[in-house]
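Within every chain, numbering begins at 1; the chains are lettered A, B, ... in the order of the sequence lines, protein sequences first and strands thereafter.
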Amino acid sequence: MPELPEVETVRIGLDRLLPGKIIERVTFDWPKGFPNTPADVDAFLVGARITAVKRRAKVLLIELDSKYSLVIHLKMTGQLVFRGAEQAFGAGHPNASLVGNLPDKSTRVTFTFKGGDHLFFNDQRKFGWVRLLPTAEVPQIDFFQKVGPEPLAKDFTATDFANRLRRRNGSGIKAVLLDQTVVAGIGNIYADESLWGAKIHPLEKVGQVSDARLKMLYQKLVDVLRLSIEKGGSTDKNYVDAEGKRGSYLTFANVFRREGKPCPRCGTTIIKTRVAGRGTHLCPHCQKELV
DNA sequence: CACTTGACCTGTCCGC
DNA sequence: TGCGGACAGGTCAAGT
């Protein structure tokens, strides 16, 4: 589910709520998703104080003063929702919330803090995962060894972007955007939105796209990621931020989930098709496939 | 080797 | 209303 803007939105929320909190209890029974032993959890998590919440690619890093970190991937349907002690476990949040009483049937891990606040890891489809690791070992995990650069990093340029994509000149460009080892954090929504912005057909081979158009794609990608973070991400079905609130980016989406509606640029009806195994939205007039 | 396809899960929606 | 099948925002492993 969540892509870079959604994970970043959760990070911002958690980083406001969690630092300083001390973990008092952790409830979990999900060996596949959270394989650490109760002994490890007791030793390195219970009693530890949260120092910071960071993000790399679509992965959240909750750092602790025990020199351990919680490494969390939300995958498709993961949610990390904070409930203050005064909210009890109920849904009585002042903002429209997608989540009701917690824990619920999708709750996989519950963190209880000293003072009675809670953090719930919910994941309907159980694709997500949680790992407790020594902070120093976090960069060594397979995913971080292979993942590409952050598209919003200050030192990441249009030229860097083009050079990374060019390593896969023979592939369709959407598949390359979705490949986390090329550039980190892009998923189905922002691949479709940025390709529409740059007027590139998702099946076009990277090798056929000019440098100028790759540069345009970089700009559209950065724009759409920044806009989405500003809007709190995209909520289609499951995604919520750290307070259980929806994101509003999809209100601004140009093609994603807009099949049958007019292209905002030319009025042609937007179509949905399948590319790289994923539902793919595009304007058949603006985004012509070069043969 | 590079690229594509299925698998992982649960839930929902759509057509018959 | 019931049932089967397709599909859902991500990533790996296995296959071609």
Side-chain angles (χ1 to χ4, degrees), chain A residues 1-10 29-35 55-60 71-80 98-100 104-108 121-131 141-148 164-196 202-207 221 224-225 228-229 231-241 246-260 272-281:
Chain A
M1 145 203 222
E3 309 180 28
L4 187 153
E6 289 74 33
V7 180
E8 178 63 11
T9 300
V10 173
D29 180 14
W30 184 31
K32 202 159 181 181
F34 187 13
R55 177 190 62 77
R56 172 76 172 100
K58 299 173 189 170
V59 177
L60 283 161
V71 186
I72 301 175
H73 201 308
L74 303 174
K75 286 285 183 83
M76 301 278 260
T77 53
Q79 305 171 327
L80 270 174
L98 259 189
V99 285
D104 64 21
K105 63 181 173 182
S106 297
T107 301
R108 311 297 172 199
F121 180 86
N122 272 26
D123 187 5
Q124 177 187 103
R125 288 171 77 178
K126 297 198 252 188
F127 287 173
W129 47 260
V130 179
R131 299 278 184 284
I141 69 173
D142 271 6
F143 183 85
F144 286 143
Q145 287 292 302
K146 291 186 290 190
V147 77
R164 302 283 302 179
L165 266 64
R166 289 276 182 234
R167 307 192 316 179
R168 298 276 304 278
N169 262 340
S171 299
I173 193 160
K174 177 165 177 177
V176 177
L177 287 177
L178 293 175
D179 183 340
Q180 300 300 295
T181 70
V182 176
V183 177
I186 306 165
N188 208 31
I189 298 174
Y190 305 103
D192 281 4
E193 290 294 307
S194 59
L195 287 168
W196 176 87
L203 283 172
E204 194 166 336
K205 301 282 186 266
V206 173
L221 174 66
V224 85
L225 293 176
S228 184
I229 293 170
K231 300 301 174 188
S234 297
T235 295
D236 187 16
K237 291 195 175 66
N238 295 274
Y239 167 74
V240 292
D241 70 10
R246 310 168 59 96
S248 68
Y249 170 79
L250 284 188
T251 312
F252 301 84
N254 291 297
V255 285
F256 191 82
R257 281 292 154 85
R258 296 194 72 251
E259 61 270 30
K272 181 174 181 184
T273 173
R274 189 151 278 267
V275 173
R278 317 296 302 280
T280 296
H281 313 75

- Item | Shortest non-hydrogen separation from A:G247 to A:T235 and the atoms involved | N-OG1, 2.6 Å
- Message: With a 4.0 Å cutoff (strictly under), does any side-chain N or O of A:R278 reach OP1 or OP2 of C:dG10?
- Response: yes
- Note on the structure: Symbol by symbol from the 5' end, with Watson-Crick or G-U pairs under 3.5 Å, [ ] crossing and | another strand, DNA chain C is .|||||||.|||||||
- Query: So what does A:G128 touch, heavy atoms closer than 4.0 Å: a base, only the sugar-phosphate, or nothing?
  - Reply: nothing
- Task: Specify the separation, in whole Å, of atom CZ of A:F256 and atom P of C:dA8.
- Result: 8 Å
- Message: Parallel, tilted or perpendicular: which one describes the rings of A:F143 and A:H73, with boundaries at 30° and 60°?
- Response: perpendicular
- When the distance from CZ of A:R125 to C1' of C:dC7 is rounded to whole Å, what number comes out? 8 Å
- Taking the side chain of A:K75 as heavy atoms from C-beta outward, which of C:dG9, C:dA8, C:dT11 is closest to it? C:dT11
- Query: May A:F127 be described as stacking on the base of B:dC8, applying a 5.5 Å centroid limit and a 30° limit on plane angle?
  - Reply: yes
- Between A:Y249 and A:F256, is a ring pair (Phe, Tyr, Trp, His ring centres under 6.0 Å) present by the stated rule, with each step listed? CA-CA 11 Å; A:Y249 170 79; A:F256 191 82; 9.0 Å; no
- Task: By nearest nucleotide on DNA chain C, pick out whichever of A:Q124 and A:F143 is the more 5' one.
- Result: A:Q124
- Message: Base, sugar-phosphate or nothing for A:G187? Non-hydrogen atoms, less than 4.0 Å.
- Response: sugar-phosphate
- Message: Heavy atoms only, 4.0 Å cut-off, all strands: where does A:R274 land among base, sugar-phosphate and nothing?
- Response: sugar-phosphate
- Which listed nucleotide (C:dT11, C:dG9, B:dC8) is nearest to the side chain of A:D236? C:dG9
- Task: In whole angstrom, give the distance that lies between atom CG of A:D142 and atom C1' of C:dC12.
- Result: 10 Å
- Please step through side-chain contact (heavy atoms from CB on, under 4.5 Å) for the pair A:K174 and A:L195, ending with a clear verdict. CA-CA 8 Å; A:K174 177 165 177 177; A:L195 287 168; 3.9 Å; yes
- Message: Side-chain N or O of A:K174 versus OP1/OP2 of B:dC3: is the shortest distance under 4.0 Å?
- Response: no
- Winner on side-chain proximity to A:K105, out of C:dG10, B:dT4, B:dG11, is B:dG11
- Message: So if I take every side-chain heavy atom of A:K237 and compare against C:dG10, B:dC9, C:dG9, which nucleotide ends up nearest?
- Response: C:dG9
- Heavy atoms under 4.0 Å, any strand shown: does A:N188 hit a base, just sugar-phosphate, or nothing? sugar-phosphate
- Message: Strictly distance-based, threshold 3.5 Å: is any side-chain N or O of A:S228 a donor or acceptor partner for the main-chain N or O of A:V224?
- Response: no
